Number of protein chains: 2
Amino acid sequence: MPNITIKDIARKFKCSPSTVSRALNNYEHTNIETRNTIQEYAQKMGYQRNSVSLSLLQKNTKTLGIVLPNISQFHESAMVEGLQSVLQPLGYLLNICVTNESYQLEKEYVERLMSNRVDGVFISIAQETYSEVRYEHLQTVMNRNVPLIFIDRQNGDKKTNCVSTDDYLGAYMATEHLINVGCKRIAHLRGPLGVNLAEQRFNGYRDCLYKYRFPIDESLILSANFKIESAIEPTKALFDLPNPPDAIFGVNDQVCFGAFQVIKEKGLKIPDEIAVIGFDNTPISEYFYPSLSTIARKSKPIGEEAAQLFLRQINEPSIANHIILPPELIVRRSSALAN
Amino acid sequence: MPNITIKDIARKFKCSPSTVSRALNNYEHTNIETRNTIQEYAQKMGYQRNSVSLSLLQKNTKTLGIVLPNISQFHESAMVEGLQSVLQPLGYLLNICVTNESYQLEKEYVERLMSNRVDGVFISIAQETYSEVRYEHLQTVMNRNVPLIFIDRQNGDKKTNCVSTDDYLGAYMATEHLINVGCKRIAHLRGPLGVNLAEQRFNGYRDCLYKYRFPIDESLILSANFKIESAIEPTKALFDLPNPPDAIFGVNDQVCFGAFQVIKEKGLKIPDEIAVIGFDNTPISEYFYPSLSTIARKSKPIGEEAAQLFLRQINEPSIANHIILPPELIVRRSSALAN
DNA sequence: CAAACAATTTCAAACGTTTGCATAAGGAAT
DNA sequence: ATTCCTTATGCAAACGTTTGAAATTGTTTG
């Protein structure tokens with residue numbers, strides 16, 4: 001009932017564990033008959049190699065840590081799938097750790113992962129880590145020469161590996177699109193301060209307005225986090241302005257869904273009275289009514305690229321790489337204006 | 001740069017590894033001074049216990065396997081959060097494996113998890129496993145006395161542990177609600193054949209109609225899987241009927257979103273001309289227009305209960321438990337009829 | 001017959017940690 | 001001075017596997 005070991009098999013055949021090990025691993029310099037008998041017996045008894053002992057011996061665990069603020073959004077789960085699709089065939093297992101944006105939890109998880117001697121760590125750092133700028137827990141990862149790959153949310157350091165979307169460009173494209181279809185007063189529901197990704201999107205929005213010589217109206221820039229509910233109050237505030245906007249660029253699709261609700265309650269027409277564009281291309285965005293224009297980021301490819309980056313790191317630990325994937329503008333009904 | 005070990009520290013202080021081990025673990029019968037010096041030195045050098053060796057010695061890894069068909073839906077990610085919220089504080093790490101409904105992948109993952117000697121396995125079995133009814137890979141888990149806990153999708157066996165929602169009751173409640181608000185021809189977009197959860201929901205629907213002496217009209221029962229797109233064609237087919245339905249019960253919220261699109265294209269009014277109710281209470285369902293009535297299942301509590309079940313299994317491996325959480329009817333606009 | 005060789009197997013160490021038992025040193029009581 | 005106790009440390013085994021080097025056996029060759 002308990003696990004059968006190589007030693008058990010060795011006892012059974014009155015030979016040494018080494019012989020059993022070599023037989024099970026199909027070594028060339030072993031008698032073909034003993035090999036067969038041992039393999040058959042192992043098969044029959046349901047022998048399964050204890051990877052823990054192997055990990056101890058070979059100093060690698062074929063396990064990777066993935067530390068994420070959350071996994072409830074499409075982007076994250078698609079990214080994990082991307083990682084998996086590359087790494088599962090190579091025999092890696094993924095230890096997924098959800099931090100809920102907590103620094104404390106992130107720190108604990110990273111320590112446990114290191115203690116478990118994972119072969120690499122993928123991390124999208126928590127908002128708290130951002131704002132407090134504390135990277136000691138990550139420093140230890142790097143000190144130990146364990147490949148560390150940032151995803152989406154990097155720290156500023158250029159010596160690190162990271163894979164992300166060109167959020168700045170995406171935001172610029174979204175804003176430019178709204179300008180192109182004739183919007184004059186473009187509001188932005190921005191993400192939390194201190195989160196690089198949100199900052200980049202804000203910058204793209206701001207710089208695009210600047211480029212087209214639109215005024216930057218502070219009253220049109222309101223803060224949300226990435227959740228639906230967080231958009232409700234700011235959106236209401238927008239429409240209470242003496243001079244309300246004719247377009248909204250949301251930091252992600254979720255806040256646009258929140259905005260949609262307010263807009264519909266007000267009885268305003270999308271896109272004629274207010275155009276909306278989001279960011280992320282959540283699967284559901286296509287099925288909203290009206291369908292939501294958005295900036296797509298290549299979620300699964302991000303995971304795949306991150307995996308490749310890790311694999312390269314194993315062989316050539318020196319080179320650090322920044323991979324920035326281009327976003328894509330997806331125009332749907334919520335910004336489909338005639339002009 | 002490489003990891004510092006207990007032996008290194010022992011060499012440094014010219015003492016035995018046992019002394020270091022005891023010092024680091026704050027054993028009572030150790031000299032308080034040596035204890036302090038060793039602890040300080042370990043701290044300074046960034047010593048971190050190698051859990052792999054400990055796992056080998058103590059035959060437990062403080063790691064759990066979670067095998068899921070996908071993690072892209074709210075229900076799954078919330079469930080994982082539930083697991084985490086209980087198990088993280090106890091020092092467990094979660095190995096999450098996404099099978100994409102593939103039997104082959106599920107089998108490979110379970111084998112790797114067993115080889116890694118995880119302390120327990122949570123599994124929501126893949127559709128392929130269902131249809132082909134092959135459980136050998138799970139049999140080995142049970143043979144080894146590794147706690148195995150089914151989530152959502154169990155096999156029929158009463159000797160197993162499982163946590164799920166009362167899908168039958170939920171479907172019954174949804175159907176009954178539609179009847180109560182006056183619907184006469186209630187269609188069902190059902191889930192894939194062979195998946196227990198989908199079967200249960202179908203049965204609840206059918207039995208409720210039966211109970212209220214409604215005719216069971218086969219032309220009103222069409223198959224989808226759990227994805228948005230899969231609902232488009234069936235919904236169109238429903239409205240091409242000579243006598244179309246006045247209500248739709250979807251196997252989950254996703255198919256309702258798909259149905260919504262078709263309905264809106266047809267220019268039909270929800271709920272007046274066609275009422276809709278889903279299942280799962282996806283966060284977005286509240287923000288659809290009109291907001292979607294649905295049956296909520298307690299996603300996070302499912303994870304929490306499953307975690308508790310695992311903890312109980314460790315102490316008392318004999319008792320098998322079925323925990324079935326009650327669903328909740330959430331009435332929103334999509335079924336808010338006057339009568 | 002001795003030497004060389006090939007084929008197969010065993011030995012022993014290693015990975016890092018914990019832990020029951022033994023040991024050592026020192027002090028106190030007899 | 002012997003015994004006993006206390007306190008602190010060391011020894012050695014154990015967990016399961018792999019692997020370089022050594023050993024064993026049998027066979028061929030000079």
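Only a predicted model underlies this, so the values are computations on that prediction, with no experimental measurement involved. Below, read A as the first sequence line, B as the second, and so on, with proteins coming before strands; counting in each chain starts at 1.
Between A:Glu111 and A:Lys107 there is a salt bridge, since at least one side-chain N of the basic residue sits less than 4.0 Å from a carboxylate O of the acidic one.
Across all strands shown, A:Tyr27 has heavy atoms under 4.0 Å from sugar-phosphate atoms exclusively, and none from any base. When heavy atoms are screened at a 4.0 angstrom cut-off, A:Thr34 is found touching the sugar-phosphate backbone but no base atom. A:Leu57 comes within 4.0 angstrom of a base, heavy atoms only. Across all strands shown, B:Phe13 has no heavy atoms under 4.0 Å from either base or sugar-phosphate atoms. Heavy atoms of A:Thr19 sit under 4.0 angstrom from at least one base atom. Residue B:Lys7 is in base contact, counting any heavy-atom pair closer than 4.0 Å across all strands shown. Residue B:Ser55 is out of contact with every strand shown, counting any heavy-atom pair closer than 4.0 Å. Among the protein residues, B:Ser16 comes within range of the nucleic acid bases, having at least one heavy atom under 4.0 Å from a base atom.
Between C:dT10, C:dC15, D:dG16, one nucleotide has an atom nearer to the side chain of B:Lys59 than all others, and that is D:dG16. Closest to the B:Tyr47 side chain, of the nucleotides D:dT9, C:dT18, C:dT17, is C:dT17.
Judged by distance alone, the side chains of B:Arg35 and B:Thr30 do bring a donor and an acceptor atom under 3.5 Å apart.
One can place CG of A:Asn60 at 12 Å from C1' of C:dC15, the figure rounded to the nearest angstrom. At whole-Å resolution of the value, CG in B:Asn50 and P in D:dG16 are 17 Å apart. Atom CG in B:Leu54 sits about 14 Å away from atom P in D:dG16, given to the nearest Å. Straight-line distance from the CG atom of A:Leu24 to the C1' atom of D:dT18: 12 Å, rounded to whole Å. Residue B:Glu33 contributes atom CD, which lies 10 Å from atom P of D:dA8 at whole-angstrom precision. Whole-Å rounding puts the B:Lys14 NZ to D:dC11 P distance at 14 Å. As a whole-Å value, the separation of B:Asn25 CG from C:dT17 C1' is 9 Å. The distance between atom CZ of B:Arg11 and atom P of C:dG16, rounded to the nearest whole Å, is 10 Å.
Side-chain nitrogen and oxygen atoms of A:Ser21 include at least one within less than 4.0 Å of the OP1 or OP2 phosphate oxygen of D:dT18. Not one side-chain nitrogen or oxygen of B:Arg117 sits closer than 4.0 Å to the OP1 or OP2 atom of D:dG16.
Position along DNA chain D of the nearest nucleotide to A:Ile6 versus B:His29 favours B:His29 as the more 5'-ward residue. Nearest-nucleotide positions on DNA chain D place B:Asn31 closer to the 5' end than the other of B:Asn31 and B:Ser53.
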Report each atom pair, protein N/O against N/O of nucleotides 20-25 of chain C, whose distance is under 3.5 angstrom.
residue: C:dG20; atom: O6; partner: B:Arg22; partner atom: NH2; Å: 3.2

Could you pull out the protein-nucleic contacts involving nucleotides 23-26 of chain D (nitrogen or oxygen on both sides, under 3.5 Å)?
none

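Taking all atoms of both residues into account, the shortest heavy-atom contact from B:Gln84 to A:Ile96 is OE1-O, 4.2 Å.
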A:Gln88 and B:Leu105: side chain to side chain contact (heavy atoms under 4.5 Å, CB included), yes or no, with the steps? CA-CA 9 Å; A:Gln88 187 276 332; B:Leu105 215 48; 3.5 Å; yes

Hey, mind stepping through A:Asn116 and B:Ser51 against side chain to side chain contact (heavy atoms under 4.5 Å, CB included) and telling me if it holds? CA-CA 5 Å; A:Asn116 275 20; B:Ser51 300; 3.2 Å; yes

Step by step, would you call A:Val67 with A:Thr99 a side chain to side chain contact (heavy atoms under 4.5 Å, CB included)? CA-CA 7 Å; A:Val67 184; A:Thr99 64; 3.4 Å; yes

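Taking the six-membered ring for Trp and the full ring otherwise, the centers of B:Phe310 and B:Tyr92 sit less than 6.0 Å from each other. Side-chain rings of B:His137 and B:Tyr103 approach one another, their centers coming within less than 6.0 Å.
Applying the ring-ring contact (aromatic ring centres under 6.0 Å, His included) test to B:Tyr41 and every residue at least two apart in sequence or in another chain returns B:Phe13.
Formation of a donor-acceptor pair under 3.5 Å by the A:Thr63 side chain with backbone atoms of A:Leu93 is not found in this model. A:Gln39 places a side-chain N or O within donor-acceptor distance of the main-chain N or O of A:Ala23, the cut-off being under 3.5 Å.
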